[in-house]
Structures are given as C-alpha cells and as structure tokens.
Amino acid sequence: MAATVLEGIIAYPVTPFSRTDGNPDLAQLAALIDRLVTSGCHAIAPLGSTGESAYLDDQEWYDIAEASVSAVAGRVPTVVGIADLTTRSAVRRARFAERAGADVVMVLPLSYWKLDEREITRHYTEIADAIGIPLMIYNNPGTAGVDLTPELMHRLVDQVENITMVKESSGDIQRMHRLAQLSDGALPFYNGSNPLALEAFAAGAAGWCTAAPCVIPDLALELYRAVRAGELETARRVFYRQLPVLQFLLGGGLPTTVKAGLALQGLDVGEPRHPLLPLDVARTERLAALLAEAAR
C-alpha cells in the first residue's frame with residue numbers, strides 16, 4: 001500500500017443540487033472543488049456530513065464520489081467519506097471509492113443499536129481488509145451515535161495495517177492530547193471541530209478537516225501557515241477573526257449555512273435536501289455580516 005500523507009487544510013465541499021429537478025449538480029460540484037483546490041487547500045473530502053451523504057441514494061453517492069475524484073484530478077489527495085449502518089454496504093462503498101481513484105477513505109461508524117468495542121473493531125477491520133488504500137477513522141458521536149475512545153482508535157491503528165489516521169470531532173481537546181500521548185506523537189490525527197482549530201493545532205493535529213474553506217479559504221489557510229511557522233500571535237489573531245463565522249456555520253448546520261454562504265458569494269449550489277431547509281432571511285443577513293467582518 002502506497003503511503004498517503006495528509007496535512008494542512010482538508011476541505012469539505014457541499015453537494016450541490018439542481019434547482020430544477022433536485023438531482024446532484026455535478027458541474028457545480030466540479031466548479032466548487034476546483035475553487036477549493038486553486039485556493040490552496042491541501043486535500044478535498046467529499047461525501048462527509050457537509051456533503052449531505054446521509055441524504056443520497058446509492059447511485060447518487062457513486063456519481064458524486066466519481067465526479068469528485070475526477071474534479072480533483074490528482075492535484076491534491078481526495079478523501080472519500082463513508083458512513084453506513086451495515087459493514088457490507090460500507091465495504092461496497094469503500095471498494096468503489098478505491099476503484100474511482102480516491103487516495104483515502106474516511107469511515108464514520110453509524111449505529112441504530114449501540115455497538116460495543118468488539119463490533120466496532122470488526123466493522124473497521126472488515127472495511128480495511130477489503131481495500132488497499134489508507135483508512136481514516138472518524139469519531140463524531142454527536143451525529144453517528146457511536147463514540148470511539150482514543151484508546152480504541154489507537155489500538156485499531158496499531159493493529160490494522162492500512163488504518164493509518166484519525167479524525168476526532170467530539171469537541172473534546174483532551175482526546176487529541178490523549179491520542180498524542182498514546183502514540184508518542186506518531187499517530188496523525190485531524191481536527192473536525194471548527195471552534196477547536198487553534199487548540200487542535202497546538203495539540204499536534206496534522207490537519208483541520210473543515211467546510212470553512214468553502215466561504216473563508218484565505219483565513220483557514222493563513223491559520224495553518226501561521227501555526228506551521230510558529231507565529232503564535234498571528235495564529236491567534238487569524239483564528240479569532242474567523243471564529244464568529246466558524247461558530248455560525250456549525251451552529252446552523254453545515255450544509256445549510258455553507259450553501260447560504262456560497263450563494264452570498266455568487267456560487268449557486270442549490271438548497272439542502274429535505275428535511276433540511278435553506279437558511280432563513282434573518283440568519284442569511286447575519287451570515288453576510290459575519291463574512292463581511294471577517295474579510296476586513
């Protein structure tokens with residue numbers, strides 16, 4: 001298995017939907033991905049929560065995975081998100097992502113029944129064994145209903161050859177410190193909680209997985225540059241400048257708020273798919289004000 005190094009700003013595109021028939025708009029998806037790549041983002045991660053993957057049927061998911069890899073065109077790594085209730089379906093999608101040319105799959109375990117560590121381990125091991133590209137463990141208990149401890153994630157990375165990295169989105173910075181402790185700093189972990197971006201980099205995060213570059217790419221990238229350069233005061237200033245936008249995006253639901261932000265900037269990616277609804281007028285005006293303030 002070829003090594004894939006991920007670091008920096010890993011950008012999450014929304015999934016555009018046509019305003020005429022509600023189907024995925026692959027041309028607009030390609031335009032958005034090109035915008036993210038040319039802005040300087042270090043990797044592209046389609047089909048995450050921001051991409052409304054939970055609201056796509058199988059064929060739509062396959063089409064978007066394929067179109068995303070094609071739009072990235074090898075300029076940066078592509079990290080395809082996979083979240084499914086069944087191991088069988090997750091394996092099928094992971095294999096498809098690999099065939100399409102993805103560099104990494106990011107796997108979020110979903111659950112109707114509460115899973116124990118034995119079941120979680122089996123789920124990840126079966127997916128990893130079915131593919132030859134790296135697998136990123138994704139912990140997001142707030143959306144998935146499954147909470148992966150740092151100890152469990154470290155064991156999976158230690159025991160399964162192509163499980164090589166972790167995305168931690170619980171919002172608890174102590175878990176990132178624990179991952180660093182358990183691995184003596186050797187385990188690449190990535191922050192998925194926007195308001196923790198500065199703290200996560202200070203804790204040793206290799207990158208920031210975020211939809212923020214869809215609307216504020218320069219600020220997200222400048223934060224990473226300042227951290228890497230050891231310019232703490234600059235990093236603080238840049239982080240606090242964008243923090244109100246980050247808080248708003250997260251608090252209003254990423255597909256809804258990011259799509260509204262893109263529309264404000266002239267890129268029409270349609271509305272979120274029901275049951276999600278577009279941002280209302282008052283909150284759209286608030287977002288416009290926050291974006292304008294961040295751009296000053």
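- When side chains are defined from C-beta on, Glu293 does not count as touching Pro244, because their heavy atoms never get closer than 4.5 Å.
- Within the model, atoms CD1 of Ile120 and CZ of Arg155 stand 10.0 Å from one another, a figure rounded to the nearest 0.5 Å.
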Checking His274 against Tyr55 for the ring-ring contact (aromatic ring centres under 6.0 Å, His included) test, could you report, in this order, the C-alpha distance in whole Å, the side-chain angles of both residues, the deciding distance, and whether it holds? CA-CA 8 Å; His274 295 170; Tyr55 304 129; over 10 Å; no
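- Looking only at side-chain heavy atoms (C-beta outward), Leu108 and Thr143 come within less than 4.5 Å of each other.
- Between Asp147 and Lys114 there is no salt bridge, since no side-chain nitrogen of the basic residue lies less than 4.0 Å from a carboxylate oxygen of the acidic one.
- Look at Arg122 and Glu119 and you find no salt bridge, because none of the NZ, NE, NH1 or NH2 atoms lies under 4.0 Å from a carboxylate O.
- Between the CD atom of Glu126 and the OG1 atom of Thr121 there is a distance of 11.5 Å, given to the nearest 0.5 Å.
- By the 4.0 Å N-to-carboxylate-O rule, Asp84 lies too far from Arg92 to be salt-bridged with it.
- With no hydrogens or angles considered, a side-chain donor-acceptor pair links Asn194 and Thr210 at under 3.5 Å.
- When side chains are defined from C-beta on, Arg273 counts as touching Glu60, because their heavy atoms get closer than 4.5 Å.
- Cluster annotation: Leu250 is not connected to Val215 through the hydrophobic network of ILVMFWY side chains, with a link wherever side-chain heavy atoms come within less than 4.5 Å.
- Under the side-chain hydrogen bond (donor to acceptor under 3.5 Å, both in side chains) criterion, the residue pairs touching residues 250-267 are Arg35-Gln265, Glu52-Lys259, with sequence neighbours excluded.
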